[in-house]
Trainee: 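Sharing a structure with you now.
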Amino acid sequence: QVQLVESGGGLVQAGGSLRLSCAPSGRPFNPNTMAWFRQAPGKEREFVGAIRWNSAIDYYGESVKDRSTISRDSAQNTVYLQIHRVNPEDTAVYYCAAALKYYRDYTRADQYDYWGQGTQVTVSS
């Protein structure tokens, strides 16, 4: 069984940056795509970004594009998310997810096979 473990959440000041990490524990696996989603209180889960594991092609959600970077360390099977110029609307629980197969629409949460437990990010104004 694969488990994804996120780290790096916490309190961030508005205007600063956050950096999250996600690494698998358990048996090795070879994802096609890894992604980040987030969910704020009272809101639906939102796509943040994704990266195709082999090509490193990355994609971003509208609310974070132009101020975010997703990267991966293939040797460690670790994926990173950086968001710069954070604001209180970035406050949410951030989840890492992994899809074993290729899906054209990387924004759909139901296409991911494994999920982390989530890490809270709170942006103070």
Trainee: Could you go through the side-chain contact (heavy atoms from CB on, under 4.5 Å) check for Y60 and V48 one step at a time?
Mentor: CA-CA 6 Å; Y60 299 93; V48 177; over 6 Å; no
Trainee: Could you check L81, D90, V93 and say which one makes a side chain to side chain contact (heavy atoms under 4.5 Å, CB included) with R38?
Mentor: D90
Trainee: Passes side-chain contact (heavy atoms from CB on, under 4.5 Å), W36 versus I70? Steps please.
Mentor: CA-CA 9 Å; W36 290 93; I70 289 181; 4.1 Å; yes
Trainee: Does the side chain of L4 reach to within under 4.5 Å of the side chain of W115, using non-hydrogen atoms?
Mentor: no
Trainee: Could you check whether Y106 and F47 have their ring centres less than 6.0 Å apart?
Mentor: yes
Trainee: From E89 CD over to K43 NZ, what is the distance, rounded to the nearest 0.5 angstrom?
Mentor: 7.0 Å
Trainee: How about T33 and W53: do any of their side-chain heavy atoms sit closer than 4.5 Å?
Mentor: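 No; the side chains remain at least 4.5 Å from each other.
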Trainee: Is R19 positioned over the aromatic face of Y80, cation under 6.0 angstrom from the ring centre and no more than 45 degrees off axis?
Mentor: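 Because its charged atom sits under 6.0 Å from the ring centre and within 45° of the axis, R19 does stack over Y80.
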Trainee: Are the side chains of T119 and L20 in contact, using a 4.5 Å heavy-atom criterion?
Mentor: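 Answer yes - side chains close enough.
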Trainee: Give, for atom CG of L11 and atom OG1 of T122, the distance between the pair rounded to the nearest 0.5 Å.
Mentor: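 Rounded to the nearest 0.5 Å, the CG-OG1 separation comes to 6.0 Å.
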Trainee: For a 4.5 angstrom cut-off between non-hydrogen side-chain atoms, does F29 reach D113?
Mentor: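 No, every pair of side-chain atoms sits at 4.5 Å or beyond.
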Trainee: State, yes or no, whether a side-chain contact exists between P24 and Q3 at a heavy-atom distance under 4.5 Å.
Mentor: no
Trainee: Working to the nearest 0.5 Å, report the span between OG of S124 and CD of Q13.
Mentor: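 These two atoms lie 5.0 Å from each other.
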Trainee: What is the distance from atom CD of Q82 to atom OG of S21, rounded to the nearest 0.5 Å?
Mentor: 9.0 Å
Trainee: Is any side-chain N of the basic residue among K65 and E62 closer than 4.0 Å to the acidic one's carboxylate O?
Mentor: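 So K65 pairs with E62 through a salt bridge.
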Trainee: Specify the closest pair of heavy atoms between E6 and Y94, including all atoms of both residues, with the distance to one decimal.
Mentor: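 Here E6 and Y94 meet closest at OE2-O, 3.8 Å.
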Trainee: For S17, run the side chain to side chain donor-acceptor pair (under 3.5 Å) check against R85, H84, R67 and tell me which one passes.
Mentor: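 For S17, the side chain to side chain donor-acceptor pair (under 3.5 Å) test succeeds with only one of R85, H84, R67, which is H84.
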Trainee: Closest approach of S125 and A14, non-hydrogen atoms and distance?
Mentor: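 Minimum heavy-atom separation between S125 and A14: CA-CB, 4.1 Å.
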Trainee: Return the set of residues passing side-chain contact (heavy atoms from CB on, under 4.5 Å) with Q39 (not counting sequence neighbours), or none when no residue passes.
Mentor: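 Once residues adjacent in sequence are excluded, the partners of Q39 under the side-chain contact (heavy atoms from CB on, under 4.5 Å) criterion are R45, Y95.
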Trainee: Quick one: does Y112's side chain get under 4.5 Å of F37's, heavy atoms only?
Mentor: yes
Trainee: SG of C96 to CD of Q117: how many Å apart, nearest 0.5 Å?
Mentor: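 Answer rounded to 0.5 Å: 9.5 Å.
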